[in-house]
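To start, the structure itself, in structure tokens.
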Amino acid sequence: MSPNGRSAWLRLGRRLLVITACAVAGLALVGLLLGGPDGAVRGAILGLVCGVMGLPGMLLGIALNAGDDYADQRTRAFDRRHGSGGTD
């Protein structure tokens, strides 16, 4: 695996950990306020589930962004070869 690929996966993992930690802390606090210690435990478990469910959305966002970059590169290459087609 190339160094750029490895650092991209590390950034993704770090983001996922931060999102999961914030979800766990926030939902545990809400659970504590609403249901006491049992609510805090259930809120923390729900926070873990929400954090893990963020992974498919992050991967989808990366894939959609990569597709846009590819389309932009093809458009620029076409414009370099054939001109922009504008009527300036």
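Keep in mind the model is a prediction, meaning the values are calculated, not measured.
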Verify the cluster assignment for [X] and [Y]: are they in a single hydrophobic cluster under the rule of side-chain heavy atoms below 4.5 Å apart?
{"X": "Leu34", "Y": "Leu46", "value": "no"}
{"X": "Leu29", "Y": "Val49", "value": "no"}
{"X": "Val52", "Y": "Val18", "value": "no"}
{"X": "Leu17", "Y": "Val24", "value": "no"}

Query raised in the report: Less than 4.5 Å apart, any side-chain heavy atom of Leu27 and any of Leu48?
Result: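 Answer no - side chains too far apart.
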
Query raised in the report: Roughly how far apart are Leu60 CG and Leu55 CG, rounded to 0.5 Å?
Result: 11.0 Å

Query - Heavy-atom neighbours of Met58 CE exceed 12 at 6.0 Å - result: yes

Report summary line: In terms of heavy-atom contacts, Ala23 and Gly47 come closest through CB-O, 3.6 Å

